[in-house]
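So you know, we letter chains A, B, ... as the sequences are listed, proteins then strands, and number each from 1.
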Amino acid sequence: MNDTNRGLNRTLLFLLGLILLLVGAAVAVAAAVPDTLAGWKKGASTVRQNVSDTVTGTPLGDTGHSWLLVVAVAAAVVAIVLLLLFVFRQGHGHTNRLVRVGGDTKHRDTPTGGAVFVDASVAEQSIGAALKEYANLASSSVTTYDVKGTTTLKITANTRRGVSPTDVRRHIDGIVAAWDSALGQDVPVVIQITPDSSPGQVGRAASPATSPDRSGSADLGQRPVAARRRGLGRGARPVLVGEANHFEFDRRFEAQLGEVLADRGRHGAQRLRAGPVLLEGDVDRHGRQRPVVPDPDQRLLSVGEQRDDALDGRGDQRHRGVDLDDARDLADQGRQSAGELAVVRHECSFALPSLWVWMSSIVTFTAATLSSVCRASAVRMMDRNSRAS
Amino acid sequence: MSTSTASVYRRVLRRETHSPRSGLAITVAVVLILVAAWLGTESVLELIGRPALLVAPGDMLGSALTVSDAVPVAFLVAAGVVVAVVGVLVIVVSLKPGRRGRHTGPTDRTALVVDDRAIASSLARTAAHAADLDPDQVIVTIGKRTADVHVRPSSGLPVDREAIVEAVTDEVERYELSPSLKTRIDIDKKGVVGK
């Protein structure tokens, strides 16, 4: 699911293999054939002469060294940087944004550029909580990837021994259908079914099942459930998150948003209850407003949604949860009434800092080396000058 | 399903069932980084007139030229062959598809990747049900296109071969895997002490 450049991996391996093959074959052939071996021995002295000519022909000041050595250092540094880039390029592709509606700065598709983001953790927690209820799974995880610009959910289901993958798939499809109707739009979902790793596996694809299950009940395992879960469990409160870097909210916007949610709760879905609108804890449960202070950390709006069992796979699948267009319009209105609502991006860039640290330390190392070389040659020159005088 | 979703599914399923070759590529890159760092360090030490860590750059060239005198010919040939074989192996790894032990299911609203071990586990249970055996007496091995079911009956109690074949074939068909699996049932002549 990640966006590792696999072609690049294979190209590097192919080139290295080719070099090894050519060098190895050349050495073997040269040594095995007597004529070429004699030529090699004879050629050695010529090559040595040429090398020493080259070295004396490329002096570095009057240090007695060739500047080819400096070139070698630079080449080594460049190679190291490129290879580090290559290594750090592996993996990646996670995203923490599930859906964005509006707010594109280039093509403003809303009057004021307001936007609503749905955080990936909304899906991860909701679906994760629903999966937790399913007895055939020992554990599960939900992660979000950006696959060539399309946000994609990956559900990993670790099944208990002997559970049919078809059953697991059908159950998860039900959860996904419920999630689709809650979100109001389809996000690609990839399900990966793996066996719960436990001792007793033979080989990589052989598995004697354990615990006979002749009654046909679903639950096979008695072992404690592994704890690789991210869901919050029943009654989790998925949070719809929008972000702004500069705004002041007024009460009108907050009331409108609350109304929309309440409305959907009454007419759209029996199970979806609108919760109070929370502005970073500045509004209490009854909607009574306390002074709203623009948050320096750029977090703006959390719509708390109490979702007890909308996603348990049995829910009424006709309902829609939060209508993103409505929410976007509300964000617009909020901006109009309050003046300023610009939405900032919430990007995850966990690998870049370490890469920059690496690169800057390499640059520092090179600079330090070069300066010490210069200092050494300057000292030597001063020595020579003082001796001369 | 929109075309973009279909292409996302195609891409993800292909990538989930084949190896990225990251492990070997990263290993190679790290080795090359170490070699480059060492060469760079030796060059710098030479420049500032410090003794070399292992070999000075000039000596490296010299010994490469005189290696034909210093080392017996047989060693040279052997070393060259070994290096060439390693090169061939690396080339083969870089070109082979590198299938992982996974199969894909039918794509609908969602796409599905199933680990071969999960398939084996499910089939073992199916066969054990059909033969009324302990699942430990069934060993299933999943290949790219085959599912081998190896049954060890309890001694003195013949198993119903037809029932196993039918149950396992039905179950495999239900999976609709790609590449599809051909089942092969193999029942031990000798029984084990029943459990």
Side-chain angles (χ1 to χ4, degrees), chain A residues 1 4 6 9-10 12-14 16-17 20-21 23-25 27-28 31-32 37 40-41 44 47-48 51 65 69 72-73 76-77 79-80 83 86-87 90 147 150 152 159 161-162 164-166 169 173 176 188-195 204-210 212 369 372-373 376, chain B residues 4-5 8 11-12 20-22 24-26 28-29 32-33 36-37 39-40 43-44 46-48 61 65-66 68 73 76-77 80-81 83-84 86-88 90-91 93-94 101 105 109-118 120-122 124-125 128 134-136 138-142 174-175:
Chain A
M1 298 280 305
T4 297
R6 298 180 168 203
N9 282 0
R10 286 171 181 269
L12 178 81
L13 290 177
F14 183 81
L16 180 89
L20 288 178
L21 174 62
V23 169
V27 168
L37 189 61
W40 184 353
K41 287 177 178 170
V47 174
R48 186 176 320 214
V51 168
H65 292 296
L69 274 178
V73 175
V77 170
I80 290 173
L83 287 165
F86 171 79
V87 169
Q90 308 283 331
V147 180
T150 308
T152 306
T159 57
R161 284 300 185 74
S164 169
T166 319
R169 206 261 174 101
D173 276 352
V176 170
V189 177
V190 176
I191 302 168
Q192 179 169 4
I193 297 178
T194 54
R204 108 176 158 160
S207 158
T210 56
T369 314
S372 71
V373 169
Chain B
S4 79
T5 306
V8 163
R11 176 181 169 85
V12 169
R21 301 289 190 223
S22 290
L24 188 58
I26 290 174
V28 163
L32 292 180
I33 287 171
L39 289 175
S43 305
V44 169
E46 175 81 11
L47 279 170
I48 58 176
L61 271 175
L65 291 170
T66 54
S68 57
V73 170
L76 272 182
V77 175
V81 168
V83 169
V86 170
V88 169
V90 173
I91 290 177
V93 168
S94 78
R109 161 68 185 92
T110 57
L112 176 68
V113 182
V114 193
D115 197 291
D116 284 354
R117 288 172 305 169
S121 169
S122 171
R125 185 178 128 182
D134 189 291
D136 279 346
V138 182
I139 293 178
V140 180
T141 312
I142 305 292
R174 236 157 57 85
Y175 297 161

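Just one of B/T110, B/V114, B/V113 meets the side-chain contact (heavy atoms from CB on, under 4.5 Å) condition when paired with A/I191; it is B/T110. With B/I91 as reference, A/L21 is the one residue of A/L16, A/L20, A/L21 to meet the side-chain contact (heavy atoms from CB on, under 4.5 Å) rule.
In this structure, the portion of B/R11 lying under 4.5 Å from any heavy atom of chain A is its side chain and not its backbone. Interface residue A/R48: backbone and side-chain heavy atoms are both found under 4.5 Å from chain B. Looking at A/V147, both its backbone and its side chain come within 4.5 Å of chain B, counting heavy atoms on both sides. For a residue to count as touching a neighbouring chain, one of its non-hydrogen atoms must lie under 4.5 Å from one of that chain's; by this rule A/V190 touches chain B with backbone and side chain alike. At a 4.5 Å heavy-atom cutoff, the contact between A/Q192 and chain B is made by backbone and side-chain atoms alike. With a threshold of 4.5 angstrom between heavy atoms, A/L69 approaches chain B through its backbone and through its side chain. Contacts between A/T4 and chain B at a heavy-atom distance below 4.5 Å involve backbone atoms as well as side-chain atoms. In this structure, the portions of A/F14 lying under 4.5 Å from any heavy atom of chain B include both its backbone and its side chain.
No other option in A/I193, A/V73, A/V27 has as many heavy-atom pairs under 4.5 Å with chain B as A/I193. Most heavy-atom pairs under 4.5 Å with chain B: of the set A/A31, A/A32, A/A76, this distinction falls to A/A31. The greatest number of non-hydrogen atom pairs below 4.5 Å with chain B, out of A/V176, A/T152, A/V23, is found for A/V176. When the candidates B/A37, B/S4, B/S43 are compared by the number of heavy-atom contacts under 4.5 Å with chain A, B/S43 comes out ahead. Contact count versus chain A (heavy atoms, under 4.5 Å) is highest, among B/V90, B/V81, B/L47, for B/L47. When each of B/A36, B/G40, B/A111 is checked for heavy-atom pairs under 4.5 Å with chain A, B/A111 comes out on top. Contact count against chain B (heavy-atom pairs under 4.5 Å) is highest for A/T194 among A/T194, A/L37, A/T159.
Residues A/S164 and B/R174 share a closest heavy-atom pair of OG-NH2, 3.3 Å. Of all the heavy atoms in B/V8 and A/P188, the pair that sits closest is CG1-CB, 4.4 Å. Of all heavy-atom pairs between A/N9 and B/S22, the closest is ND2-OG, 3.4 Å. Here the closest heavy-atom approach between residue B/S121 and residue A/G162 is recorded as OG-N, 2.6 Å.
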